[in-house]
Protein chains: 2
Amino acid sequence: MATIPHEPLSPDALSIGSGWQAQKSASTRTQIIEAAITCLVELGYGRTTTTVIAKKAGLSRGAMLHHFPSKMDIIRAAVEYLHAKRLRAFRKAMAKEPTDGDHVRLGIEGYWSHVKHPWFVAFFEISVAARTDKELAAILFPAQEAFEREWYETSLELFPEWKRKGENFMLGFDLTRYVIEGMGISFLTHKETERDKRVLRYLETKLKELADEDR
Amino acid sequence: MATIPHEPLSPDALSIGSGWQAQKSASTRTQIIEAAITCLVELGYGRTTTTVIAKKAGLSRGAMLHHFPSKMDIIRAAVEYLHAKRLRAFRKAMAKEPTDGDHVRLGIEGYWSHVKHPWFVAFFEISVAARTDKELAAILFPAQEAFEREWYETSLELFPEWKRKGENFMLGFDLTRYVIEGMGISFLTHKETERDKRVLRYLETKLKELADEDR
DNA sequence: CTTGAAAAAGTCAAGAGTGTTTGAAACAGG
DNA sequence: CCTGTTTCAAACACTCTTGACTTTTTCAAG
């Protein structure tokens, strides 16, 4: 009678399935989510339809809509999934001590790799769509904000010596963000060139200058 | 019998109408194109449908499809229109002698204004859609490339003293492009902050340093 | 005034996409 | 073995979009 399940599919997460008949359900859910992300990357937001997602996930559309009643539910789950994945990957990349002790270079290379990753592309597609879709924006914004905050915190940990004077740190942070994201957008349609590498190297020296000024 | 018009609507342009019964036709065409651009800005590429464009242009859909047989024809015309408009506006902005003789600042402010303009937003929407749409890409790429080349040439004219050694000039060019476009993308969903202005001021000083090094 | 072509408007069918509903198969617990 | 729940599948109804087709209006030329 009651349509509310007793335990599974409860609030949100993908993996709270505490050993029931199915954590297969969770498996299917991630399968769907990853198919959706693949579609975002390969087809863009506009052409990402429930039909295509289901086909790519190897499920019938009906089966898929059992797990996610509406398309927006899939997107919502994908945003959460992407947010978690991106954050984990970024932290992991930043956590390891650079072999040459060069934290600045590590930070730049790390974010540049991050921006070239399909996950960023998927996130980007959703971001662009969200500009003209209030419902999407409501879903995306919290995750986007959380990511930026987390990234900022992580960077602060990476450069503890910058913690005193935030002025230059913020400037370096913003500069890096804009340069690399600008390059990332360009990278969506063009190849990475020698000129791009030169920009990154230049950025690196400038960040180090900013750090020294602050010392 | 023959469906080929005698003179009007010939190849492409919008204004070759040499005083016939209608250069009203041309007027209507630009009306449609501008409506399409407005839709791109307000609704995004995905929701820009022929129905909405016609409504925004104040025409019946049938009338519109008389001027542009298919939707892609409208987009194609919009790309050409945007390309021409952006180029003209950019050149005009760069052409005027800065009151304080500060060409670098003029260039930065000029491109930053350019990126904040709706025309850039429309172009951007098409660009993103073109990533996963070969047909669109075929339309967009030539215009995009031409614009970048033109912009580069214009910049060279603006800084003739940099013409000798292209190394630093290119670096400054790329850096500026990436920073400002990165900021522009961010600006699509966020407001311009004091931090952004600081980045622009920093960029300005760095460009001048690059120029001095090259002297 | 007549005429014919272009502009504008309206109608139509086909297709795609979404979400709901209905039905079957798998499976745990009594 | 039976029952109720969960997963999966299929069919349906509805809307939206597109492009083709048909009709009306405008207007310059003869």
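To find a chain, count down the sequence lines: A is the first, B the second, and so on, and within it residues start at 1. What's counted below: heavy atoms across the whole structure, side chains too, no hydrogens, waters or symmetry copies.
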Strictly by side-chain hydrogen bond (donor to acceptor under 3.5 Å, both in side chains), give each pair with a member in residues 132-147 of chain B just once, sequence neighbours left out.
A/Arg47-B/Asp133
Rounding to an integer number of Å, can you tell me how far B/Leu65 CG sits from C/dA8 C1'?
12 Å
Establish, yes or no, whether the cationic atom of B/Arg86 lies under 6.0 Å from the six-membered ring centre of B/Phe147 and within 45° of the ring axis.
yes
Is any side-chain nitrogen or oxygen of A/His67 closer than 4.0 Å to OP1 or OP2 of D/dT6?
no
Let me know the distance between CZ of B/Arg47 and P of D/dT17, rounded to the nearest Å.
10 Å
Can you find a side chain N or O atom of A/Thr50 that sits less than 4.0 Å from OP1 or OP2 on C/dT18?
yes
Here the distance between atom P of C/dA7 and atom CZ of B/Phe68, to the nearest Å, is 12 Å
Rounded distance in Å - NZ (A/Lys71) to P (C/dT20)
15 Å
Using rotation axes that map the C1' atoms of four end pairs onto the next four (five pairs an end), what angle separates the end axes of the helix from C/dC1-D/dG30 to C/dG30-D/dC1, to 10°?
10°
When rounded to whole Å, the CZ to P distance for the pair A/Arg29 and D/dT6 reads 14 Å
Output the rounded distance in Å from CD1 (A/Ile53) to C1' (C/dG19).
14 Å
Between the protein and nucleotides 9-11 of chain C, list the N/O to N/O atom pairs that are separated by less than 3.5 angstrom.
| unit_1 | atom_1 | unit_2 | atom_2 | d |
| --- | --- | --- | --- | --- |
| C/dA9 | OP2 | B/Ser60 | N | 3.2 |
| C/dA9 | N7 | B/Ala63 | N | 3.2 |

I want to verify a distance call: between C/dA8, C/dG19, D/dC8, whose nearest atom is closest to the B/Thr28 side chain?
C/dA8
Fit a plane to each ring of B/Phe90 and B/His114, take the angle between them on a 0 to 90° scale, and name the class: parallel (under 30°), tilted (30 to 60°) or perpendicular (over 60°).
perpendicular
Is the closest basic N to carboxylate O distance between B/Glu34 and B/Lys56 below 4.0 Å?
no
Derivation and outcome, salt bridge (charged side-chain N to carboxylate O under 4.0 Å, His left out), residues A/Arg177 and A/Asp174:
CA-CA 5 Å; A/Arg177 174 166 138 71; A/Asp174 290 339; 5.2 Å; no
Under a 3.5 Å cutoff, is there a donor and acceptor pairing between the side chains of B/Arg61 and B/Thr51?
no
Do other residues, nucleotides or ligands put more than 12 heavy atoms under 6.0 Å from the CZ atom of B/Arg198?
yes
Measure the acute angle between the ring planes of A/Trp151 and A/Phe173, then classify it against the limits of 30° and 60° as parallel, tilted or perpendicular.
tilted
To the nearest angstrom, the CD-P distance between A/Glu135 and C/dT18 comes to 13 Å
Whole-Å distance between C/dT18 P and A/Lys55 NZ?
13 Å
Distance alone, cut at 3.5 Å: any donor-acceptor contact between the side chains of A/Glu181 and A/Trp112?
no
